[in-house]
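Data block below; observations after.
The figures here come from the full heavy-atom set of this structure, side chains too, leaving out hydrogens, waters and symmetry mates. Along the sequence shown, residues carry numbers from 1. Atoms within a ligand are numbered from 1 in the order they appear, just like the ligands themselves.
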Amino acid sequence: MTRHRLAISSDLAAIAALAKAGTPYPWSEHQYRGSLEAGHAVWLAEDETGLLAVAVILNAAGEAELLDIVVSPACRRAGLATCLLQQVIQHLKQAGATRMLLEVRQSNAPAQALYAHLGFRSCGVRKQYYPSANGLREDAILMEKQLG
Ligand SMILES: CC(C)(COP(=O)(O)OP(=O)(O)OC[C@H]1O[C@@H](n2cnc3c(N)ncnc32)[C@H](O)[C@@H]1OP(=O)(O)O)[C@@H](O)C(=O)NCCC(=O)NCCS
């Protein structure tokens with residue numbers, strides 16, 4: 001059975017290993033530690049086999065931002081990201097957040113489909129925002145969801 005909980009510092013190595021296995025642009029353990037230390041909510045999904053997914057959320061002044069999400073490659077298209085983000089959104093609403101934002105690479109169709117599935121709408125573009133392969137850069141699509 002999948003459980004959700006907030007990460008603690010002893011989870012950081014496993015989180016960084018999941019990210020490395022799960023995305024071509026992984027956060028480092030140092031970046032996840034920085035998020036924990038900054039007070040971001042680092043949410044985990046896990047079962048008896050171990051860590052399945054991570055999502056990092058910044059919530060300030062009623063506005064939340066999804067900073068990172070990775071699901072283990074072996075566990076995709078099983079609703080894990082949907083479940084985790086629905087739980088996160090529930091917590092954010094209870095904490096008084098009224099809007100949630102995120103940025104996603106223009107080329108990342110799976111993530112954009114996930115966010116649309118959860119009710120996020122595209123609200124802008126940040127040109128050449130992300131570094132990508134061969135020294136090139138890639139646009140970020142901004143997406144938002146009203147939580148109120
Ligand atoms: C994007 C990601 C988090 C999705 O996680 P997931 O657990 O597989 O997503 P879900 O199973 O909850 O998918 C929910 C819906 O999103 C859409 N979706 C998810 N993955 C998709 C894909 N590869 N292709 C098309 N649609 C997809 C579908 O509408 C899906 O519903 P369906 O399976 O009933 O059709 C996962 O692919 C991932 O970790 N990718 C690498 C890291 C990454 O890109 N993070 C986002 C950075 S902005």
Ignoring hydrogens, what is the shortest heavy-atom contact between Arg76 and Gly22? Give both atom names and the distance.
NH2-O, 2.7 Å
Does Leu66 reach the side chain of Leu101, with side-chain heavy atoms less than 4.5 Å apart?
no
As a test of the contact definition, would atom 37 (O) of ligand 1 count as having a protein heavy-atom neighbour under 4.0 Å?
yes
If we number the atoms of ligand 1 from 1 as shown, the ones under 4.0 Å from a heavy atom of Tyr115 are 46 (C), 47 (C), 48 (S)
Look at the side chain of Asp68 and the backbone N and O of Ala55, then say whether any donor-acceptor pair between them is shorter than 3.5 Å.
no
Identify the closest protein heavy atom to atom 1 (C) of ligand 1: which residue and atom is it, and at what distance?
Ala111 CA, 3.7 Å
Would you mind finding which of His117, Gln112, Met143, Arg76 brings a heavy atom closest to atom 29 (O) of ligand 1?
His117
Here the salt bridge (Lys or Arg N to Asp or Glu O under 4.0 Å) pairs for residues 99-117, sequence neighbours left out, are Glu63-Arg99, Arg99-Glu144, Glu103-Arg126, Arg105-Glu138
For the backbone of Leu84 and the side chain of Gln87, can you confirm whether one donor and one acceptor N or O come within less than 3.5 Å of each other?
no
If hydrogens are left out, which of Asp68, Ile69, Thr23 has an atom nearest to atom 43 (C) of ligand 1, that is, the closest non-hydrogen atom?
Ile69
List ligand 1 atoms under 4.0 Å from Ala78, heavy atoms only on the residue side.
11 (O)
Are Leu6 and Tyr32 grouped together when hydrophobic residues (ILVMFWY) are joined by side-chain heavy atoms under 4.5 angstrom apart?
no
Can you measure from OG (Ser122) to CD (Gln106) and round to the nearest 0.5 angstrom?
10.0 Å
Nearest non-hydrogen contact with atom 6 (P) of ligand 1 belongs to which option: Pro24, Ala109, Ala81, Ala116?
Ala81
In terms of atom number and element, which parts of ligand 1 are under 4.0 angstrom from non-hydrogen atoms of Asn108?
43 (C), 44 (O), 46 (C), 47 (C)
Protein heavy atom at shortest distance from atom 39 (O) of ligand 1
Val71 N, 2.8 Å
What protein heavy atom sits nearest atom 26 (N) of ligand 1, and how far off is it?
Ala113 CB, 3.4 Å
Nitrogen or oxygen atoms of Glu103 and ligand 1 under 3.5 Å apart
no
For Gly22, counting its heavy atoms only, list the atoms of ligand 1 lying under 4.0 Å from any of them.
41 (C)
Can you get from Leu67 to Val70 by hopping between Ile, Leu, Val, Met, Phe, Trp and Tyr side chains that sit under 4.5 Å apart?
yes
Heavy atoms only: which of Leu114, Thr82, Val70 is nearest to atom 12 (O) of ligand 1?
Thr82
If I apply the N/O under 3.5 Å rule, does Gly79 come out as touching ligand 1?
yes
Note: heavy atom closest to atom 20 (N) of ligand 1, options Arg77, Gln86, Arg105, belongs to Arg77
What is the distance from atom NE2 of His91 to atom CG of Asn59, rounded to the nearest 0.5 Å?
12.0 Å
Leu66, portion touching ligand 1 at heavy-atom distance under 4.0 Å:
neither
Show me the pairs that pass side chain to side chain donor-acceptor pair (under 3.5 Å) and involve residues 13-23, at least two apart or across chains.
none
